[in-house]
2 protein chains.
Amino acid sequence: MAETKATIYTVARAVGVSAQTVSRVLNGTGQVSEKTRAAVLAAIEAQGYRPNAVGRSLRASRTPMVGVLVADIGNPFYARLHRAIERRLSGSGYSLMLMNCDDDARIERRQLELLRSYRPTGLVIVPSVGSSLSAADLPAFGHVVSVSRVLEGLPVPAVVTDERESVGAAAKELISYGHTEIALIAGPQKASTTRAREEGFRAALARHTGLRGIVRHTDGTRAGAEAAAAELLSTRPGPTATGPSATSPSATSPAATGHTTTGPTAMIGFNALVTEGIVSAIMAAGLRCPEDVSVIGFTDAGWMTLHRPPISVIDQPVEEMGALAGRLLLDLAAGESVAPGPRVVPSTLVRRGSVASPAAHGVTPSAQVAAPAAKEEGS
Amino acid sequence: MAETKATIYTVARAVGVSAQTVSRVLNGTGQVSEKTRAAVLAAIEAQGYRPNAVGRSLRASRTPMVGVLVADIGNPFYARLHRAIERRLSGSGYSLMLMNCDDDARIERRQLELLRSYRPTGLVIVPSVGSSLSAADLPAFGHVVSVSRVLEGLPVPAVVTDERESVGAAAKELISYGHTEIALIAGPQKASTTRAREEGFRAALARHTGLRGIVRHTDGTRAGAEAAAAELLSTRPGPTATGPSATSPSATSPAATGHTTTGPTAMIGFNALVTEGIVSAIMAAGLRCPEDVSVIGFTDAGWMTLHRPPISVIDQPVEEMGALAGRLLLDLAAGESVAPGPRVVPSTLVRRGSVASPAAHGVTPSAQVAAPAAKEEGS
DNA sequence: CTGAAAGCGCTTACAG
DNA sequence: CTGAAAGCGCTTACAG
């Protein structure tokens, strides 16, 4: 009951043993007679003693804590990632310290310094663009694993998805529907994910002639994506006759850039927030999806099956990625050797209803456009 | 450069001063001559010395760490809340330890014990249903502030929104449109938020006669809400004639419960996930919103303005709530006296397009139903 | 303006 | 099976 300040010593004194014996009972190390053990347990209970992790960490020169640093916890992708890592690490005795950096290398640095001061066991990081993490830094964070993005040039295990292939598959899908002008609304130019997805996108388009690929870099937010998409759509003919506040569909506006183009008829969204921005921009322009503009998102979100049409996406295996990152960290902490470099967890193209042939423009009246049934999802 | 193991002593030795002098330079406490100061700084730089937070915390018997314990970080509401708290606390030197408890009191207890072992400065908690937190526990967590939900009977400051009033306003809105059978798809029965919202709901209905209020408790997830909503809608007449796979609209199915009812014509969703579930159930039943079922959500989400119709919501001021909770904690940590009890941050009813008169059933052909313009939002 | 000593709570060798 | 001693890295009084 003496809540005054129970320590390993107060417990030891009460039982008439040494502090090390209490420590042994606490940690299950060494040999302790059953009788002593029971007495110690009773005293712990009586005093309401709780071990102090700080004393323990100081002695061990290591804190059983793993930092999780992401670009934006407001993005559901990162929230799910955190949850998956937490789930994998729960029960292992590690505390998770979640940190946000707004994709800003300076904030990332500040957060890393804070983490480092605890002498953590490990760090799972989605490096910010232009990440400040250097090879010299690495030991300070114990074991380091990167997720989603890679740390170019650093000897760190990484968990990623097949960016090139899956964005390539999305582009291929759109091409197969007859789209000739396709836009990728991408993330920050310097992010490894952006570069990889852009490569996959361009490679897929390069397999054919007469195609035009447009890439717009954004900050990855809904607002940023909406602005980029709106600008691209401004070269499109006005709203279709059936839309609200319709303008003459025959009056093709001249391309702002001087290209002989009527603007993209299909868009790929970099993440769920960007996809929101694209859908919003399409609506704001008075255009319809998929009749006027086809959309494929990257990373699934709950609203996408609710939307009409349901949004087709490249479903990124967030949970698996987080779980694998957690496991790699656990392996490293257990002293196992883990080779640096990327582990690829494949994404899946989920066809729903947001892709149609551009020829369907003004043809399909209102309801669902049939998609080649391959993986139908949701209700 | 000697990355071997820089401590306050190695720095002191290099400069030829005592450890305390280094400590003084580090903390800006006491008086240090400019010359000594510069020399210490130079040695710190040269050795790549970083203070060890563990040693500091052990001496201070307090760790500059604030725990943030929420029910489910996968729910965007909590992710936003965490972000708001983090933003408010950033720059204060406190680390945030985010913890999840899946709304399970046992997991909550385990997480709390882990946090407690660090001797944290504070805790911002969304108590789980049946929270294990007791008055005797409180001191172990330093300063405690609850958010969203309250800790009944504990002397803790809380930040909440005006549950009763805002749900009451939503119910009133639906009543004014002529709905006589309204359902509240609520959260866990024992959560303080559920109880308060339920009270507000029932009070609003009690002001009139001939109304029927239905409350369904769920686990607050999309799946749970969808099941509850689907069950309620199963007593509704089948899909309208214009819907897909239509059944005869005149064939009213008998009420499963024996009530002479055709099921609710309006639903209020407990949180954004529940609202997703409701919308999904309406679609799955082949019904339309708002023609067949009106919907008002609680807590805004990005997809709601994108949806057709855009979903009307009680917009909960998440950012303000998180910021206020953060501020209260900072005040407490600064030694200011903060009275226990709730602080109420009001929510706002945002009218979009998911509410219509039940009389509109089968009348309004397809497009938007005009809502009384009061607060139009989004694009 | 600066330093010698003690101690925060624990665990790690080292002895018995 | 158990204990005395030392030390993890830092800061707090207390002296000068």
Side-chain angles (χ1 to χ4, degrees), chain A residues 2-41 43-44 47-65 93 116-121 140 142, chain B residues 2-41 43-44 47-65 93 116-121 140 142:
Chain A
E3 281 285 2
T4 25
K5 206 187 283 176
T7 73
I8 208 167
Y9 280 98
T10 63
V11 172
R13 200 161 305 134
V15 184
V17 296
S18 71
Q20 302 75 270
T21 298
V22 178
S23 173
R24 280 191 267 257
V25 171
L26 249 22
N27 299 291
T29 55
Q31 301 282 54
V32 183
S33 78
E34 201 44 55
K35 201 178 119 193
T36 311
R37 185 186 160 68
V40 168
L41 255 17
I44 285 175
Q47 299 190 13
Y49 167 76
R50 307 300 162 108
N52 183 325
V54 182
R56 193 180 299 204
S57 295
L58 182 58
R59 188 63 183 78
S61 303
R62 224 13 120 196
T63 303
M65 174 191 283
R116 162 188 225 165
S117 73
Y118 284 100
R119 308 298 189 259
T121 301
Chain B
E3 282 285 2
T4 25
K5 206 187 284 177
T7 71
I8 209 168
Y9 281 98
T10 62
V11 171
R13 199 162 306 135
V15 182
V17 295
S18 72
Q20 303 73 272
T21 297
V22 178
S23 174
R24 281 191 266 258
V25 171
L26 248 22
N27 298 292
T29 55
Q31 301 283 51
V32 183
S33 77
E34 202 42 57
K35 201 179 122 193
T36 311
R37 185 187 161 69
V40 168
L41 256 15
I44 285 174
Q47 298 190 13
Y49 167 76
R50 308 298 162 108
N52 182 326
V54 182
R56 193 180 298 206
S57 295
L58 182 58
R59 188 64 183 75
S61 303
R62 228 4 124 199
T63 303
M65 175 191 282
R116 160 188 227 165
S117 73
Y118 284 101
R119 307 298 189 257
T121 301

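Quick caveat, the model's predicted, so the values are computed rather than measured. So that the names make sense, note that chain A is the first sequence line, chain B the second, and so on, each numbered from 1.
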Looking across every strand, which nucleic acid part, if any, lies under 4.0 Å from Ser57(A) by heavy atom: base, sugar-phosphate, or nothing? nothing
Sugar-phosphate only, base, or nothing, as touched by Val17(B) at under 4.0 Å among non-hydrogen atoms: sugar-phosphate
Would you say the side-chain atoms of [X] pair up with the backbone N or O of [Y], donor to acceptor, closer than 3.5 Å?
X         : Y         : answer
Ser117(A) : Asn52(B)  : no
Ser57(A)  : Ala53(A)  : yes
Arg62(A)  : Pro120(A) : yes

Criterion side chain to side chain contact (heavy atoms under 4.5 Å, CB included) on Val40(A) and Arg37(A), from CA distance to verdict: CA-CA 5 Å; Val40(A) 168; Arg37(A) 185 186 160 68; 5.9 Å; no
How do Arg37(B) and Gly55(A) order along DNA chain C: which one's closest nucleotide is nearer the 5' end?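 On the 5' side of the pair lies Arg37(B).
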Mapping Leu58(B) and Ala19(B) to their closest nucleotides on DNA chain C, which lands nearer the 5' end? Ala19(B)
In Å, rounded to the nearest 0.5 Å, how long is the span from CD of Gln20(A) to CD1 of Ile8(A)?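 So the gap between those two atoms works out to 8.0 Å.
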Positional range of nucleotides in DNA chain D within the contact set of chain A, heavy-atom, under 4.0 Å: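 Extent of the interface on DNA chain D: dC1(D) to dG9(D).
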So which one's nearest nucleotide on DNA chain D is more toward 5', Thr21(A) or Arg59(A)?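 Taking each residue's closest nucleotide, the earlier one in sequence belongs to Thr21(A).
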Duplex segments of DNA chain D, taken as runs of at least three Watson-Crick or G-U pairs that stay under 3.5 Å: C:1-3 with D:14-16, C:5-12 with D:5-12, C:14-16 with D:1-3
Would you indicate whether the side-chain heavy atoms of Val22(B) and Val15(B) approach each other to under 4.5 Å? no
Intermediate values then yes/no, side chain to side chain contact (heavy atoms under 4.5 Å, CB included), Leu26(B) and Ile44(B): CA-CA 10 Å; Leu26(B) 248 22; Ile44(B) 285 174; 3.5 Å; yes
Sequence neighbours left out, what passes side chain to side chain contact (heavy atoms under 4.5 Å, CB included) with Arg56(A)? Give chain and number order. Asn27(A), Pro51(A)
